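Read the structure below first, then the notes.
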2 protein chains.
Amino acid sequence: MARKPRADMIAETRARLISAARHAFGTVGYAEASMDELTHAAGLTRGALYHHFGDKKGLLVAVIDQVDAEMTVRLRAVSHGAADAWTGFRDECAAYIEMALEPEIQRIVLRDGPAVLGDPWNWPIQNACIRSMTDDIGRLAKAGIIVPVDPEAAARLVMGATQHAAQWIAHASDPQAVSRKAIAAFNVMLDGLLLQPTQAH
Amino acid sequence: MARKPRADMIAETRARLISAARHAFGTVGYAEASMDELTHAAGLTRGALYHHFGDKKGLLVAVIDQVDAEMTVRLRAVSHGAADAWTGFRDECAAYIEMALEPEIQRIVLRDGPAVLGDPWNWPIQNACIRSMTDDIGRLAKAGIIVPVDPEAAARLVMGATQHAAQWIAHASDPQAVSRKAIAAFNVMLDGLLLQPTQAH
DNA sequence: ACATTGACATACGCAGCGTATGTTAATTGA
DNA sequence: TCAATTAACATACGCTGCGTATGTCAATGT
């Protein structure tokens, strides 16, 4: 019974370590997370950790990869389910704001990741998100829906504004009210991209 | 000779420690900066450091305060020297991008600061910059130059886009070309705020 | 002049990361 | 089927580096 191939055991070990690390990094943060406590919580020792991930940073990379993959799936689902390109783009921005509000994503991907690993422009992380948004904007520009603008530049500006807005909301005393204000201002800025602005704020 | 009052000696000690820390944090980063090396470079020991700043984080706070003060002065100079409110606002945004390109500011204020101290919405840092930009936008809205939008929300979105753009530029293989693209896209977004867009890209 | 405060140095303990070494179980080859 | 080898993990160690406790000496107050 329990005819488990070795590869599955290894995958499970890795998954448990990543899961424990994800929880620790997401709550107390990367710097405060102890490798001893982390591995113990996963029912393992630091030996397993260093065997699989090399060092603490390697573990962080693995965690970020996992979170980023989930983010990409969620974003794709949003943009694919939209009626037209423009609303799809807006929905994707809104979805990104909501994701950036989640403490785990905010802490691990948006703060500790860049601080520990260096800025994300090099590592694969977030490039998936950027690429997705860049493609959307490129299509919108080609279709003549928005003003001709460099797609990647626009995508990066939008993502920057989005992340900032999310952190602002997350730390506000009244997140609901601040969220409304941020979304309203955000829509104004996005309308600025349209060739025929709705001006329907 | 050298009739130095005690207060001046203390101020000089603090200044030397902050200066050494600023250099270390700005080059190798907060996590990799050793307090021993740092204080030794300043001709002192860790005793002085812990006496004045409490702990490593306290030193980081002091460094950030200093850098932030300089940033605020530079931004105010830019906005005060502009012909009209709108160009003043644009100049300020451009100045902020340029500042965010400086490695010291990018690393200490924009990356390590938030990661180590938590998000900046609570500490005084950057609030000066935010306040300055918020005031500008508020005046522009009151004067009917831009669409009615919550000033703080707009300021935060603009700053977010700005910081992101700066990091993009800083890590590009061709910073000049990327900078042009970013500025162009940025102006498009800002024009979206205007009631009578120039559309002169 | 003497007491006191405070600026700074010295010395110590301890946590935590990384590595070197050991142990056990699964896979390979004949 | 049974070595032999490889690889997954545990154990043990050293070292760096932060924070604190203690000591010293100069400057200020009376």
Side-chain angles (χ1 to χ4, degrees), chain A residues 1-25 27-64 108 112-113 115-118, chain B residues 1-25 27-64 108 112-113 115-118:
Chain A
M1 56 302 192
R3 191 79 209 98
K4 285 239 183 179
R6 165 168 265 234
D8 288 7
M9 299 296 292
I10 297 172
E12 191 189 325
T13 295
R14 282 181 60 96
R16 276 165 61 195
L17 285 173
I18 290 177
S19 173
R22 180 170 171 168
H23 180 257
F25 293 164
T27 50
V28 299
Y30 175 84
E32 299 301 315
S34 162
M35 307 285 269
D36 277 319
E37 294 178 12
L38 206 159
T39 50
H40 189 73
L44 296 160
T45 68
R46 289 213 332 274
L49 211 160
Y50 283 94
H51 178 74
H52 285 291
F53 301 102
D55 61 353
K56 196 178 182 182
K57 288 184 182 179
L59 182 60
L60 177 60
V61 168
V63 169
I64 289 181
I108 301 176
D112 286 346
V116 175
L117 268 26
Chain B
M1 57 299 192
R3 192 78 209 98
K4 285 237 184 178
R6 167 167 262 233
D8 287 8
M9 300 295 290
I10 297 172
E12 191 190 325
T13 296
R14 283 181 60 97
R16 277 164 61 194
L17 286 172
I18 291 177
S19 172
R22 181 169 171 168
H23 180 257
F25 292 164
T27 51
V28 298
Y30 175 84
E32 299 302 315
S34 161
M35 307 285 268
D36 276 318
E37 295 178 12
L38 207 158
T39 50
H40 189 72
L44 296 160
T45 68
R46 289 214 331 276
L49 210 161
Y50 283 94
H51 178 73
H52 284 292
F53 301 102
D55 62 354
K56 196 178 182 181
K57 288 183 182 179
L59 182 59
L60 177 61
V61 169
V63 169
I64 290 182
I108 301 176
D112 286 347
V116 175
L117 269 24

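Quantities reported herein were computed from a predicted structural model and do not represent experimental measurements. Every chain is numbered from 1 and lettered A, B, ... according to where its sequence line falls, protein lines coming before strand lines.
Minimum interatomic distance between B:Ala48 and B:Leu44 (heavy atoms only, all atoms of both residues): CB-CB, 4.4 Å. Heavy-atom minimum distance, A:Ile108 versus A:Ile64: CG2-CG1, 3.8 Å. The two atoms that bring A:Ala62 and A:Ile18 nearest to each other are CB-CD1, 3.9 Å, heavy atoms only.
Residue A:Leu60 contributes atom CG, which lies 15 Å from atom C1' of C:dC17 at whole-angstrom precision. The interatomic distance linking B:Met35 (CE) with C:dA9 (P) rounds to 13 Å, in whole Å. Distance, A:His40 NE2 to D:dC9 P: 17 Å, rounded to whole Å. As a whole-Å value, the separation of A:Met9 CE from C:dT24 P is 17 Å. With rounding to whole Å, A:Leu17 atom CG is found 12 Å from D:dA8 atom C1'. A:Leu44 has its CG atom 20 Å from the P atom of C:dT23, to the nearest Å. Whole-Å rounding puts the A:Leu38 CG to D:dA10 P distance at 13 Å. Straight-line distance from the CG atom of A:Asp36 to the P atom of D:dC13: 15 Å, rounded to whole Å.
Evaluation of the salt bridge (charged side-chain N to carboxylate O under 4.0 Å, His left out) test over residues 29-44 of chain B, restricted to residues two or more places apart or in two chains, returns B:Asp36-B:Arg46.
Note that NZ of B:Lys57 is 9.5 Å distant from CG of B:Leu60, once rounded to the nearest 0.5 Å. Atom CG of B:Leu49 and atom CZ of B:Arg14 lie 10.5 Å apart (nearest 0.5 Å).
Near DNA chain D, meaning a heavy atom under 4.0 Å away, the residues from residues 46-58 of chain A are A:Gly47, A:Ala48, A:His51, A:His52.
Residue contacts shown for A:Ala31 are absent, as no nucleic acid heavy atom lies under 4.0 Å away.
For B:Ala115, the side chain to side chain contact (heavy atoms under 4.5 Å, CB included) partners two or more places apart in sequence, or in a different chain, are A:Asp112, A:Ala115.
Neither OP1 nor OP2 of C:dT10 sits under 4.0 Å from any side-chain N or O of B:Thr45. One finds no side-chain N or O of B:Ser34 lying less than 4.0 angstrom from the OP1 or OP2 phosphate oxygen of D:dT16.
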For nucleotides 22-25 of chain D, print each protein N/O atom paired with a nucleotide N/O atom at under 3.5 Å, atom names and distance only.
none

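Residues B:Arg14 and A:Glu37 each lie close to DNA chain C; by heavy-atom proximity, the contact nearer the 5' end of the strand is made by B:Arg14.
The one candidate from A:Val63, A:Val61, A:Leu59 that meets the side chain to side chain contact (heavy atoms under 4.5 Å, CB included) condition with A:Phe53 is A:Leu59.
Within 6.0 Å of NE2 in A:His23 there are 12 or fewer heavy atoms belonging to other residues, nucleotides or ligands.
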